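Bear in mind the structure is a predicted one, so any value in this text is a computation, not a measurement.
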There are 2 protein chains.
Amino acid sequence: MAAQKPSIPRGMRDFGPLEMQRRNYIFDSIRSVFQLYGYQPIETPSMENLSTLMGKYGEEGDKLLFKVLNSGNYIEKATEESYLDYKKLTSVISEKGLRYDLTVPFARYIVMNRNEIVFPFKRYQIQPVWRADKPQKGRYREFYQCDVDVIGSNSLLNEAELVKVTDVIFNKLGILTIIKINNRKILAGIAEVIGFPEKIIDICIAIDKMDKIGLEKVNTELMEKGLTAKAIEILQPILQLKGNNAEKTDIIRNFLNSSAIGIKGIEEITTVFEYIESIDIKAEVELDLTLARGLNYYTGAIFEVKAKDVQIGSICGGGRYDDLCGIFGMPDTSGVGISFGADRIYDVMAELQLFPKEVETATKVLFINFSEKEISYCLPLATSLRNNGISTEIYPEAAKLKKQFSYADAKKIPFVIIIGEEEMKNDSLKIKDMNSGNEVILQSAELISYFSKML
Amino acid sequence: MAAQKPSIPRGMRDFGPLEMQRRNYIFDSIRSVFQLYGYQPIETPSMENLSTLMGKYGEEGDKLLFKVLNSGNYIEKATEESYLDYKKLTSVISEKGLRYDLTVPFARYIVMNRNEIVFPFKRYQIQPVWRADKPQKGRYREFYQCDVDVIGSNSLLNEAELVKVTDVIFNKLGILTIIKINNRKILAGIAEVIGFPEKIIDICIAIDKMDKIGLEKVNTELMEKGLTAKAIEILQPILQLKGNNAEKTDIIRNFLNSSAIGIKGIEEITTVFEYIESIDIKAEVELDLTLARGLNYYTGAIFEVKAKDVQIGSICGGGRYDDLCGIFGMPDTSGVGISFGADRIYDVMAELQLFPKEVETATKVLFINFSEKEISYCLPLATSLRNNGISTEIYPEAAKLKKQFSYADAKKIPFVIIIGEEEMKNDSLKIKDMNSGNEVILQSAELISYFSKML
């Protein structure tokens, strides 16, 4: 066979050792905090039946699903008619698709396992998803999602806990954040008060533009969107909303006093703020009425997290939903959840150089290999380092010293141990600190205590 | 939309919290040992170009690849002729397939990154693979492989190190094992000595049958396979091989003294045994000439690991190969590697009840929820437990006590903290040990020191 020049599909990525160590550091940090708060892991298969996935992400989403060909002679069942319409043909030759997000498989999981699940169900899920999107900078066809949800509890304690979880995770990673909070019911209330319940999105966009284009132009735009002068007049306190969270909620509460749903929203957000006060959040927490993500989906709290020191979209977001599993025949499954964007978090940490050095130096000690004789002497020493949890390598061949030291440099191994004839005779060893260049000579018996101090 | 009854594709699995905690325990144990020995993680994308995958696993393998439909109007380019032959059609409508194993993508990765990789390259890779195999007990269409390899070093130290890594992992997991070792060159030598180089497999099968059917019948079978009476006579010392590894190698060395490749094989296996002696292996290590796995592929050492106390196939296997990347145009990339079968290891551990109890009790403490007032009092206490690394939950609603205790039972939470009006007044708390049923009353300030002792 002629050798082929290998490549990988567009929008797909290999992760080498350095990226993997950094990515694992992010995943491990996130996972450990989830567990500290009692969230339990689940995983669902990469492939779902297309009947589970289709129609759940809108028409555009259906197109972006990766579909898997049926096995065997899949074309047998196709009729001539189906050749003319690829969508029809797809339904004949493909029954399975790759996971598009973690939410729909999770809903399917809950419905299928409703009798075994202990509710409230606190679960997390960290898995890749696939989308046949046009690849571009920062957008991949395979990427990880990290979702954390509480299902089957309406308590606002869950919202507060998820804010805390988010805060603890980003503190752990060293990322300064602003956690933005909104509530779908407040938005619904505002639209109700001004008499245009269907204009929620336009109102959010208008509020969002205040800083950029100013009050006058915002009012003009709202007029163009079909709001009456009266409605726009009523809306003014919302457009000009200022102050800290308490001041803002006071103004909004006042504004919403004729709207039952609005009042409910303000009560919810006030309770969440109260809980947050008592649990020591390090991030800025900010009420932000422009937050409208997933508006067709969320029914209560809406969250979004921004990194303070990097210009990048949100690195985390979520909210409360009242009906997760209705599509699969299980009504009234409410929940609240947040999803962490691992790729963006990675980019933020890389830009701000937040990855701890230890993450990138997996191996701590390398034994130089002079010959088989020295290696027999080194092997038990290496074993005892490993038994003490110190990641250790022995260079596998008696290569030139320069090559062995280059290996240590390239792998950023901080200590190299040199044992030659002289050292073997004296039962000693020479340790070179690769950062400082300093060398020390120890008795073999001192090895572990030396590294217990150094590492 | 009418609600649909959800299901998952055949051969695919969901993993609930208990399974996930157990699986993560296995993966984390394996990963931590790999890292202790300086192996670095990589990941490759789930999808590869079909040109990378096809023809690498034999004709049967090509059939078992999951193929992904091209996006958009994929049928446009198909000719009428291609409708008649689904294999032809596939090459028109599908360019990508799901990873079938970790070896071919790894070879592709090495070739694409040969200039950045630091050789010897010690890498591990833990990812799912997909095969459109007929699902049956213990055989799934999506399953994880855990591969560990050293590339670019011919030193037999690598073989010994991988045996050690294997031994440390199974000790950590509590599985007693027999590590079987063979060498392809010894098998080649035996076949050469008896003058039937093409009968290696038949000879392995014959040796394997000795215990079951006895020498006489084995000799008859070999005759039927086309070996001459002379060849069978020469082969007798091998068929009747007995003793410990040293005794066996002596007999084989003697047998092979006219075969250069055989002598090389016996030298290799002797060196590996010598290294193993000096690094304290807990498993039984056994020379086993019947080991012939991947015979078309391996060129030196062949490994296989069996669990001692469970009737199940091998739980781990591997060997040395001299040409991993030749198919992608990079010759002479030798390496040695081992692959761990996570699903079988799981089954062994489940059968022998080897999973530590802590693995299954993620949350250590649950605070009972009486009302918002008590919760405000509990929140800082919960935070301080979590700050001390103790996984803690607060029941999110003021539900009936019975329901809250059932929740603790179901999640196997060992301690429940009860704080009512009385406790708040006295700045105290009641801790119920869910295993013994005992209750203690503490001052709030004693909380952390209490659990530092208990957990």
- Bottom line for A/Leu36: the part with an atom under 4.5 Å from chain B's heavy atoms is both
- Item | Side-chain heavy-atom pair B/Phe119, A/Lys403 within 4.5 angstrom cut-off | no
- Task: For B/Lys134, check salt bridge (Lys or Arg N to Asp or Glu O under 4.0 Å) against everything at least two apart and list the hits.
- Result: none
- Item | Cationic N near anionic O, under 4.0 Å, A/Glu142 to B/Lys96 | no
- Roughly how far apart are B/Glu161 CD and A/Glu393 CD, rounded to 0.5 Å? 7.5 Å
- Between B/Met20 and A/Gln40, is any pair of side-chain heavy atoms under 4.5 Å apart? no
- Go through the atoms of A/Ser406 and report whether side chain, backbone, both or neither lie under 4.5 Å from a heavy atom of chain B. neither
- Of the backbone (N, CA, C, O) and the side chain (C-beta and beyond), which part of A/Asn70 lies under 4.5 Å from a heavy atom of chain B, both, or neither? neither
- Which one, A/Pro120, A/Gly97, A/Ala410, leads in non-hydrogen pairs under 4.5 Å with chain B? A/Pro120
- If only atom types and distance count, is the side chain of A/Tyr74 paired as donor or acceptor with the main-chain N or O of B/Thr90 below 3.5 Å? yes
- Task: Name the member of A/Ser278, A/Ser46, A/Ser32 that forms the most heavy-atom pairs with chain B at distances under 4.5 Å.
- Result: A/Ser46
- Message: Could you check whether any side-chain heavy atom of A/Thr363 comes within less than 4.5 Å of a side-chain heavy atom of B/Lys122, counting everything from C-beta outward?
- Response: no
- Between OG1 on residue B/Thr44 and CZ on residue A/Arg13, distance to nearest 0.5 Å: 13.0 Å
- Is chain B contacted by the side chain of A/Asn158, its backbone, both, or neither, given a heavy-atom distance below 4.5 Å? side chain
- Message: With chain B as the partner, which of A/Leu385, A/Ile279, A/Leu18, A/Asn73 has the greatest number of non-hydrogen pairs under 4.5 Å?
- Response: A/Asn73
- Does some side-chain heavy atom of A/Leu89 sit less than 4.5 Å from a side-chain heavy atom of B/Ile93? no
- Message: At a heavy-atom distance under 4.5 Å, which candidate from A/Lys67, A/Arg23, A/Lys364, A/Gln21 has the highest pair count against chain B?
- Response: A/Lys67
- Item | Heavy-atom contact with chain B under 4.5 Å, split by part of A/Ile390 | backbone
- Top residue by heavy-atom pair count (under 4.5 Å) with chain A, among B/Ala382, B/Ala132, B/Ser153? B/Ser153
- Item | Pairwise side-chain contact, B/Ser155 with A/Tyr395, heavy-atom cut-off 4.5 Å (strictly under) | no
- Region of A/Asp85 that comes under 4.5 Å of a non-hydrogen atom in chain B: neither
- Distance-minimising heavy-atom pair for B/Thr52 and A/Ser7: OG1-O, 3.8 Å
- Query: With no hydrogens and no angle check, is any side-chain donor or acceptor of A/Lys411 less than 3.5 Å from a backbone partner on B/Gly38?
  - Reply: yes
- Message: So does A/Asn154 get a backbone contact from the side chain of B/Glu397, meaning a donor-acceptor N/O pair under 3.5 Å?
- Response: yes
- Item | A/Ser71 versus chain B, the contacting section by heavy-atom distance below 4.5 Å | side chain
- Query: Once you round to the nearest 0.5 Å, how far does NZ of A/Lys164 lie from OG1 of B/Thr383?
  - Reply: 5.0 Å
- Task: Sort out for me which of A/Phe15, A/Tyr39, A/Tyr275, A/Phe121 touches chain B most, counting heavy-atom pairs under 4.5 Å.
- Result: A/Phe15
- Winner by heavy-atom pair count (cut-off under 4.5 Å) against chain B, out of A/Val118, A/Ile75, A/Asn49: A/Asn49
- Message: Walk me through whether B/Arg386 and A/Val168 qualify under side chain to side chain contact (heavy atoms under 4.5 Å, CB included).
- Response: CA-CA 10 Å; B/Arg386 289 162 177 154; A/Val168 173; over 6 Å; no
- Item | Side chain / backbone / both / neither for A/Asn113 at chain B, heavy atoms under 4.5 Å | side chain
- Separation of B/Glu372 CD from A/Leu156 CG (nearest 0.5 Å): 8.0 Å
- Note on the structure: So, the part of B/Leu366 with a heavy atom under 4.5 Å from chain A: the answer is neither
- For A/Met112, check side-chain contact (heavy atoms from CB on, under 4.5 Å) against everything at least two apart and list the hits. A/Arg108, B/Pro6, B/Ile8
- Task: Tell me, for B/Arg123 versus chain A, whether the close heavy atoms (under 4.5 Å) come from the side chain, the backbone, both or neither.
- Result: neither
